[in-house]
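A short write-up of the structure that comes next.
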Number of protein chains: 2
Amino acid sequence: MQRIKQTSKTPGVKSKASSQTARAVLSLREMLVQGRFRPGERIREVPLAAELKVSRIPLHLALERLAHEGFLEIRPTRGFVVQRFSTEDIYDAIELRGLLEGAAAKLAAQRFKHISELSPLQATSYEILSLVRGHKKLTMETFNLYIDLNARFHSGLIDLSRSRMLRRAIQQACSLPFASPSAFLKRQYVSSDLWELFLICADQHCEIVDAIANRDGMRAELLTREHARVARRNLEDALRNSELPPDMAGAKLIELSSSVRPSTAR
Amino acid sequence: MQRIKQTSKTPGVKSKASSQTARAVLSLREMLVQGRFRPGERIREVPLAAELKVSRIPLHLALERLAHEGFLEIRPTRGFVVQRFSTEDIYDAIELRGLLEGAAAKLAAQRFKHISELSPLQATSYEILSLVRGHKKLTMETFNLYIDLNARFHSGLIDLSRSRMLRRAIQQACSLPFASPSAFLKRQYVSSDLWELFLICADQHCEIVDAIANRDGMRAELLTREHARVARRNLEDALRNSELPPDMAGAKLIELSSSVRPSTAR
DNA sequence: AACTCACTGATTGCATGCAAAAGACCGTTG
DNA sequence: CAACGGTCTTTTGCATGCAATCAGTGAGTT
C-alpha cells in the first residue's frame with residue numbers, strides 16, 4: 001500500500017472523512033455496533049488494518065479512541081479487547097445520562113439571563129410535538145426526522161447549561177450507543193406503540209422547557225431524569241418480548257443475564 | 001536516536017514505566033500540571049519529542065490520551081492546544097464530581113448485600129479520623145498519609161456502588177487535577193486551618209458510611225455532595241487570599257475571570 | 001490599496017520495517 | 001508425570017523518512 005496520490009478523495013464509495021484515522025474510527029465503530037466482534041474478543045491489528053485498508057498507525061489511533069469511548073479495553077502490551085456489557089450496565093448507563101442531563105436542565109433553569117435564550121429549545125420542542133401530532137402513522141422519514149430533532153433538543157439543553165464540564169461528561173456518557181437519547185429505538189419498531197412513546201416524549205420536552213422558563217430548576221431536573229428513563233422502559237420492553245433485536249445498535253455487545261430483572265427504580 | 005538495545009532499563013535515572021508512551025504520558029501530565037505550557041498554546045510535537053527523548057509516535061499517543069483527559073484540545077490537522085479553564089469551569093467540575101460521587105453513595109446504600117461489605121470503607125474512615133485526631137500538628141508525612149487514605153475512601157465508595165459506568169464517569173471527571181478529591185490542598189497550606197478541614201472531612205466520611213449502612217441512600221447522597229463542596233470552599237479561600245498558589249496542581253491552566261492577574265504565565 | 005494566488009517553510013499524518021514482549025510449542029529433567 | 005526452561009511464532013511498540021497540509025509571505029492583478 002504505497003502512497004498513491006490519494007490526496008483529495010476518490011469520490012466514489014464513501015470518503016466521508018479526511019484522515020485515515022477518522023475513517024478508521026467510523027468504520028470500526030460501525031463494526032462494533034453491528035456486532036462484528038464478540039465481546040471479550042481480542043482484536044488483532046494487522047489483519048484488521050488490512051481489512052480496513054488503512055495502515056497500522058491510524059488503526060491504532062482509532063482503536064485508542066474507541067477504547068476511550070468505552071467500546072474496548074486496553075491491555076498494556078496485549079492490544080485491545082472488546083468490552084462486554086450486562087443489562088445492569090445498560091440500566092446504569094441510562095440512569096447516569098439521566099442524572100447528567102437532569103443536572104444540565106437544572107443549571108439551564110438557573111443560568112439563563114433572558115427568556116429569549118430559550119427560544120431555540122422551545123422551537124425544537126414545538127417542532128417535535130407538531131411533527132408527532134401530525135403523523136399518527138409513522139413513516140421511516142418521520143422516524144428519522146424525530147431522531148434528528150430529538151438530538152437537537154438534547155444538545156440544546158446542554159448548551160443552555162453553559163457548563164463545558166457537564167457537556168464533556170454527557171458526551172462521554174452517550175458515547176455508548178445504548179446510552180444515547182435515541183437508544184433502543186429501532187426501525188423494526190415503527191408501530192403505534194412507538195407513536196405513543198414519541199408523543200409522551202414530546203410532552204416531556206415541552207414540560208422541561210416550561211420548568212426551565214419558570215426557573216424551576218428542581219422540576220426541570222426531575223422531569224429530565226424521568227425523560228431519560230423512557231429509554232429504560234424501551235429496553236425492558238425489548239427484553240420482555242424475548243431478546244434484543246439483533247439489528248439494534250450495540251445489541252451484540254450486551255450479555256443477557258439469566259433473569260430479566262424486575263424493575264427496581266421507576 | 002537509534003534502537004540501542006535499551007531493552008530492559010537503564011536503572012539509573014527514573015525508569016518508572018515500561019513503555020515509551022506511558023513514560024511520555026507521565027512526563028507530559030506533570031508538565032501540564034506544573035504549568036509548563038500556557039493555556040491556548042499550540043504544542044509542537046517534534047521539539048517536544050526531542051525534549052522528552054521519545055519518538056513522535058509515542059508522543060502523539062500520549063498527547064491523544066491527555067486530550068481525552070481534558071488537558072488538551074484536538075485540532076484536526078493542527079495538533080494539540082492546551083485547554084484553558086475559567087474558575088466557573090472549576091466550580092462546575094467540582095459540582096460534577098459531587099453529583100457523581102453522590103450517586104455512587106446512593107447506589108452503595110441500595111446495593112450492598114451484607115453489612116460486612118462496608119467494612120473496608122468503614123475501616124478507612126476510622127483510620128482517617130484517628131489519624132487526624134492524633135496529629136493536631138500536621139506534618140508533611142501525615143499530610144501525605146491523609147491524601148492517600150482519602151483517595152482510598154473515595155475509591156472504596158465507588159467500588160460499593162457496583163457501577164462500572166459510574167466508575168468510568170467519575171474517573172473522567174477526576175482526571176483534571178482541580179476536580180479530584182484532593183484538589184487545592186497544597187503543601188504550603190499545612191496549617192491549623194488545614195487540620196480543621198481534615199477533621200471536618202473525616203467526620204463527613206464517617207457520616208457517609210453511617211448513612212450507607214442504614215440504607216439511607218438520600219442522606220448518603222446529600223452528604224457526599226456536600227463533602228465534595230469542601231473543595232469548592234478551598235478554592236474560594238485560595239482565590240480570596242489573592243491568587244492561586246503557583247505551585248498548586250493545574251493552577252497555571254486556570255484563567256482568573258475578572259480579577260487582575262499579571263498575565264505572563266511563562 | 002486590496003485581493004488573489006502561488007510559493008515556501010513549518011508541521012502533522014502516515015507507511016514501512018525492525019525490535020521487543022508475550023504466548024505457544026517442545027524437549028529435557030527431576 | 002509434572003514442571004521447568006529454551007526456542008519459535010505471533011503480535012504489538014516504536015523509529016524513521018516521506019507525503020500532505022497549513023500558515024505566512026510576497027508578487028501580480030484589478
Side-chain angles (χ1 to χ4, degrees), chain A residues 1-11 15-28 37-38 40-68 71-83, chain B residues 1-11 13-28 37-38 40-68 71-83:
Chain A
M1 171 160 291
Q2 67 283 52
R3 187 166 301 252
I4 38 145
K5 185 62 188 275
Q6 51 104 36
T7 163
S8 276
K9 48 214 92 178
T10 47
S15 72
K16 7 177 89 165
S18 42
S19 80
Q20 307 284 82
T21 303
R23 227 189 326 277
V25 168
L26 292 178
S27 312
L28 265 177
F37 306 101
R38 284 292 147 87
E41 178 179 346
R42 176 182 177 183
I43 291 189
R44 290 194 243 52
E45 297 184 12
V46 176
L48 188 56
E51 182 179 344
L52 294 179
K53 301 202 178 110
V54 299
S55 172
R56 286 176 50 222
I57 298 281
L59 175 64
H60 191 91
L61 287 168
L63 287 168
E64 190 103 8
R65 257 183 231 183
L66 291 163
H68 173 251
F71 286 102
L72 305 171
E73 184 195 348
I74 306 182
R75 301 282 182 86
T77 62
R78 296 166 76 206
F80 297 84
V81 170
V82 180
Q83 283 277 19
Chain B
M1 173 158 287
Q2 66 282 50
R3 188 167 299 258
I4 37 142
K5 187 61 186 292
Q6 51 107 34
T7 163
S8 275
K9 48 214 94 177
T10 46
V13 203
K14 59 173 178 178
S15 73
K16 13 175 88 166
S18 42
S19 79
Q20 306 284 82
T21 303
R23 226 188 327 275
V25 167
L26 292 178
S27 312
L28 266 176
F37 304 102
R38 248 173 289 181
E41 178 179 345
R42 175 181 178 185
I43 291 189
R44 290 192 238 62
E45 298 184 10
V46 177
L48 188 55
E51 181 178 346
L52 293 179
K53 300 199 179 119
V54 299
S55 172
R56 286 177 50 224
I57 297 281
L59 175 64
H60 192 91
L61 287 167
L63 287 169
E64 190 104 5
R65 256 182 232 183
L66 291 163
H68 289 152
F71 285 102
L72 306 171
E73 184 195 349
I74 307 182
R75 302 280 183 87
T77 61
R78 301 219 249 125
F80 298 84
V81 169
V82 180
Q83 284 278 20

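The sequence lines fix the lettering, A, B, ..., with proteins before strands; numbering per chain opens at 1. Quick note: numbers below take in every heavy atom, side chains included, and nothing from hydrogens, waters or symmetry partners.
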For this session: List the steps, then state whether side chain to side chain contact (heavy atoms under 4.5 Å, CB included) holds for A/Val81 with A/Ile43.
Result: CA-CA 6 Å; A/Val81 170; A/Ile43 291 189; over 6 Å; no
Exercise. What is the distance, rounded to the nearest whole Å, between atom CG of B/Leu48 and atom P of C/dT12?
Worked result: 10 Å
Exercise. Counting N and O atoms only, with roles assigned by atom type, does the side chain of A/Arg42 sit under 3.5 Å from a partner on the main chain of A/Gly79, one being a donor and the other an acceptor?
Worked result: no
Exercise. Who are the salt bridge (Lys or Arg N to Asp or Glu O under 4.0 Å) partners of A/Glu45, not counting sequence neighbours?
Worked result: none
For this session: Specify the separation, in whole Å, of atom CZ of B/Arg44 and atom P of C/dG13.
Result: 15 Å
Problem set entry | Value in whole Å for how far the P atom of C/dC14 lies from NZ of A/Lys53 | 17 Å
For this session: Mind running side chain to side chain contact (heavy atoms under 4.5 Å, CB included) on B/Lys53 and B/Arg23 for me, showing each step along the way?
Result: CA-CA 10 Å; B/Lys53 300 199 179 119; B/Arg23 226 188 327 275; over 6 Å; no
For this session: Just do the side chain to side chain contact (heavy atoms under 4.5 Å, CB included) check on B/Arg38 and B/Val82 with the steps written out, would you?
Result: CA-CA 7 Å; B/Arg38 248 173 289 181; B/Val82 180; over 6 Å; no
Exercise. Does a side-chain N or O from A/Gln20 land closer than 4.0 Å to OP1 or OP2 of D/dA20, or not?
Worked result: no
For this session: Can you see which heavy atom on A/Gln20 is nearest to which on A/Val54, and at what distance?
Result: O-CG1, 4.2 Å
For this session: Specify the closest pair of heavy atoms between B/Val46 and B/Arg56, including all atoms of both residues, with the distance to one decimal.
Result: CG2-CD, 3.8 Å
Exercise. Rounded to whole angstroms, how far apart are CD1 on A/Ile57 and P on C/dT12?
Worked result: 16 Å
Problem set entry | Euclidean distance, atom CG of residue A/Leu59 to atom C1' of D/dT12 [Å, nearest integer] | 12 Å
For this session: Between C/dG13, C/dT11, D/dA15, spot the one nearest the side chain of B/Arg42, thanks.
Result: C/dT11
For this session: On the 0 to 90° scale, with breaks at 30° and 60°, tag the A/His60-A/Phe80 ring pair as parallel, tilted or perpendicular.
Result: perpendicular
For this session: Would you classify A/Ile43 as touching base, sugar-phosphate or nothing, given that sugar-phosphate means primed atoms plus P, OP1 and OP2, and contacts are heavy atoms under 4.0 Å?
Result: sugar-phosphate
Exercise. Roughly how bent is the helix from C/dA1-D/dT30 to C/dG30-D/dC1 end to end, in steps of 10 degrees, with each end axis from five pairs?
Worked result: 10°
Exercise. OP1 or OP2 of C/dT16 less than 4.0 angstrom from a side-chain nitrogen or oxygen of A/Ser55, does that happen here?
Worked result: no
For this session: Consider the side chain of A/Val46, meaning its heavy atoms from C-beta on, and name the nucleotide among C/dC14, D/dT12, C/dT12 that approaches it most closely.
Result: D/dT12
Exercise. CG/A/Leu52 to CG/A/Leu28 distance, rounded to the nearest 0.5 angstrom?
Worked result: 5.5 Å
Problem set entry | Among D/dA15, C/dT12, D/dG13, the one nearest A/Glu45 by side-chain distance | D/dG13
Problem set entry | Residue pair B/Ala24 / B/Pro58: nearest heavy atoms and the distance that separates them | CB-O, 4.4 Å
Exercise. Out of C/dC14, D/dC14, D/dT11, which nucleotide sits closest to the side chain of B/Arg56?
Worked result: C/dC14
For this session: Name every residue in residues 73-82 of chain A that has at least one heavy atom under 4.0 Å from any atom of DNA chain D, in order of residue number, or write none if there are no such residues.
Result: A/Pro76, A/Thr77, A/Gly79
For this session: Choose from C/dT12, C/dC14, C/dG17 the nucleotide whose nearest atom is closest to any side-chain atom of A/Pro58.
Result: C/dC14
For this session: Report yes if at least one side-chain N or O of A/His60 is closer than 4.0 Å to OP1 or OP2 of D/dT12; otherwise report no.
Result: no
Seminar exercise, completed: Whole-Å distance, B/Leu61 CG to D/dT12 C1', equals 12 Å
